[in-house]
Structure formats: C-alpha cells, structure tokens
Amino acid sequence: MDGPSRYPIETFDPLLRDLVSWGLVERDESAAGSWRLVDAAQRQLTEIVASTGPLSAESMLYFDHLCARCHQRELTRLVDGSYLCNSCTDAIRAEAMITDEPEVSERRQRLTRRRRRPRVEESGPIAS
C-alpha cells in the first residue's frame with residue numbers, strides 16, 4: 001500500500017487508538033506482535049469499500065484532531081501529512097498565492113522588457 005508510506009506513522013496514532021479502544025482490532029495469537037481486525041469490522045470494511053470504492057485520506061473529514069497550525073480542535077482534513085482546519089488551509093493557500101505572484105510578475109516584466117528593446121537592423125550601414 002503506498003498511501004500510509006507517504007505519511008509518518010505518528011499521523012495514524014489517533015486512528016490506531018480508536019481501533020483498540022472500540023474493540024475493532026485484536027491481537028493475532030498465531031503471529032507474535034501482530035494485530036488483526038475483528039470479523040465484524042472486516043465485513044463492514046468489505047461492504048464500505050464495495051459500495052463507495054477506496055477513499056483517500058485527503059478526502060476524509062476528521063472530527064477528533066487538533067489543527068496542526070492553530071492548535072484548535074476543529075473539523076480537519078489531511079493536507080500534505082498534517083491535519084488542518086478549513087481556515088488554516090485557506091490561509092496557507094492564500095499565502096502560497098501571494099508568494100507565487102511576484103515570481104509571475106517578475107517573469108512578465110522581463111518578457112515585456114525584451115519585447116520593448118529597439119530592433120537593430122543588420123541589413124546595411126547606418127545612414128548619417
């Protein structure tokens with residue numbers, strides 16, 4: 001699975017705690033140190049994936065996480081490996097647009113300067 005490998009394992013701590021506290025996982029006695037979903041959770045997971053298809057972590061809403069930026073307990077989404085509320089996500093996008101804009105305008109200015117340079121004709125001597 002390439003999804004979890006993109007994020008630090010600590011990102012999943014709240015989810016793992018929830019799985020244990022709700023009794024949705026149990027130790028697998030056949031393999032030392034292994035865990036498995038309980039049968040009811042496995043059936044439900046199969047039904048969910050069959051009806052909706054696999055969901056990405058970024059498309060989910062999280063109710064039990066603190067925003068990594070403002071540290072408020074808000075409705076969050078996973079954005080680039082951090083849980084962010086909508087306000088902070090919008091602020092980050094706005095900041096990114098502001099920092100990107102000067103590069104674009106500088107590039108336009110350079111292109112405009114190139115176009116404004118007078119052309120020197122090389123076809124003959126300059127008349128005096």
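Legend: residues meeting salt bridge (charged side-chain N to carboxylate O under 4.0 Å, His left out) with Asp13, ordered by chain and number and at least two apart, are absent. With sequence neighbours left out, Val25 forms a side-chain contact (heavy atoms from CB on, under 4.5 Å) with Leu19, Val20, Trp35, Leu37. In terms of the salt bridge (charged side-chain N to carboxylate O under 4.0 Å, His left out) criterion, Arg77 has no residue partners (sequence neighbours excluded).
Using bins of under 30°, 30° to 60° and over 60° for the plane-to-plane angle, the ring pair Tyr83/Tyr62 lands in the perpendicular bin.
The structure places CZ of Arg69 at 10.0 Å from OG of Ser87, a figure rounded to the nearest 0.5 Å. In this structure, the separation between SG on Cys67 and CG on Leu75 is 11.0 Å, given to the nearest 0.5 Å. Considering CG of Asn86 and CG of Leu61, their distance stands at 8.0 Å, rounded to 0.5 Å.
Residues Leu24 and Leu16 fall within the same hydrophobic cluster, defined by Ile, Leu, Val, Met, Phe, Trp and Tyr side chains chained together at heavy-atom separations under 4.5 Å. Residue Leu84 is not grouped with residue Leu15 when hydrophobic side chains (ILVMFWY) are merged at heavy-atom distances under 4.5 angstrom, including chains of intermediate members. Cluster membership for Met60 and Ile9, using ILVMFWY side-chain heavy atoms within less than 4.5 angstrom, is shared.
Listed here is the closest heavy atom pair of Cys85 and Thr76: N-CG2, 3.9 Å. Residues Leu66 and His71 share a closest heavy-atom pair of CD2-O, 3.8 Å.
Within a 6.0 Å sphere centred on CZ of Arg36, heavy atoms belonging to other residues, nucleotides or ligands number more than 12.
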